[in-house]
Amino acid sequence: QVQLVQSGGGLVQPGGSLRLSCTASGRTFSSPILGWFRQAPGKERDFVAAIMWSKNNTYYADFAEGRFTISTDNAKNTVYLQMNNLRPEDTNIYYCAAGNRTIVVARTYDYWGQGTQVTVSS
């Protein structure tokens with residue numbers, strides 16, 4: 001089992017920045033892929049970014065490339081999503097997830113954080 005606890009998020013103006021955090025506990029070695037997804041009401045969960053605990057390989061959705069940065073602090077078992085130059089269309093609930101199968105497919109992740117609201121509005 002892996003437990004994921006998220007923090008961060010909130011309201012920010014367009015062009016602003018936010019950092020999301022996700023701290024993992026439990027058998028983290030069994031789920032080496034850490035991903036961030038986002039979901040709007042009534043829609044599917046979309047891939048945002050992913051990273052692996054043991055490597056520095058990072059993966060981004062096209063909309064996130066150049067604006068968002070995923071990183072880990074292995075000593076703290078924490079994965080971060082730094083989001084810059086935020087746009088109103090980035091408004092969503094953001095989830096962190098842990099898995100060991102694929103990078104971008106939400107249903108293949110086994111463990112999920114509780115979700116955090118990000119609202120980009122003036």
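- A side-chain hydrogen bond (donor to acceptor under 3.5 Å, both in side chains) with Thr23 is found for exactly one of Thr78, Asp73, Asn77, namely Thr78.
- Of all non-hydrogen atoms in Pro32 and Asn100, the two that sit nearest each other are CD-CB, 3.6 Å.
- Between Ser121 and Pro14, the shortest heavy-atom contact is C-CD, 3.6 Å.
- Legend: residues meeting side chain to side chain contact (heavy atoms under 4.5 Å, CB included) with Asn74, ordered by chain and number and at least two apart, are Trp53, Thr72.
- With a 4.5 Å cut-off on side-chain heavy atoms, Asn92 and Val48 do not count as touching.
- Taking 4.5 Å as the limit, every side-chain heavy atom of Arg45 sits out of range of all side-chain heavy atoms of Ile93.
- Ser17 contributes atom OG, which lies 8.0 Å from atom CG of Asn85 (distance to the nearest 0.5 angstrom).
- Considering every non-hydrogen atom in both Tyr60 and Thr69, the closest pair reads OH-CA, 3.3 Å.
- The heavy-atom pair separating Gln82 from Arg19 by the smallest distance is OE1-CB, 3.5 Å.
- Counting non-hydrogen atoms of other residues, nucleotides and ligands closer than 6.0 Å to CZ of Arg27 gives a total of 12 or fewer.
- Of all non-hydrogen atoms in Leu4 and Tyr111, the two that sit nearest each other are CD1-O, 3.5 Å.
- Taking CE of Met52 as the reference point, atom CD1 of Ile70 lies at 11.5 Å (rounded to 0.5 Å).
- Remark: Arg38 is positioned above the aromatic ring of Phe63, its terminal NZ or CZ atom under 6.0 angstrom from the ring centre and at most 45 degrees off the axis.
- In the hydrophobic cluster analysis, where Ile, Leu, Val, Met, Phe, Trp and Tyr join through side-chain heavy atoms closer than 4.5 angstrom, Tyr94 is grouped together with Val12.
- Put simply, Phe37 and Tyr80 are part of two different groups of oily side chains (I, L, V, M, F, W, Y) that touch within less than 4.5 Å, one to the next.
- Between Met83 and Asp90, the closest side-chain pair of non-hydrogen atoms is not below 4.5 Å.
- Within the 4.5 Å cutoff, the side chain of Cys96 has no heavy atoms near those of the Leu20 side chain.
- Expressed to the nearest 0.5 Å, how far CD1 of Ile51 lies from OH of Tyr59 amounts to 9.5 Å.
- Smallest separation of non-hydrogen atoms from Ala106 and Trp112: O-CZ2, 3.2 Å.
- Without hydrogens or angle criteria, Tyr109 side chain to Ile103 main chain gives a donor-acceptor distance under 3.5 Å.
- A single hydrophobic cluster is not seen to contain both Val2 and Leu34; linkage of ILVMFWY side chains at heavy-atom distances under 4.5 Å, directly or through other members, places them apart.
- Summarising the local packing, CD of Glu89 is surrounded by more than 12 heavy atoms from other residues, nucleotides or ligands at distances under 6.0 Å.
- Under a 3.5 Å cut-off, the side chain of Gln114 and the backbone N or O of Gln6 do form a donor-acceptor pair.
- Distance check, rounded to the nearest 0.5 Å: CG of Leu18 to OG1 of Thr116 gives 9.0 Å.
- Formation of a donor-acceptor pair under 3.5 Å by the Gln1 side chain with backbone atoms of Gly26 is not found in this model.
- To the nearest 0.5 Å, atoms CH2 (Trp36) and CZ (Phe47) are separated by 12.5 Å.
- A donor-acceptor contact shorter than 3.5 Å is absent between the side chain of Thr119 and the backbone of Thr91.
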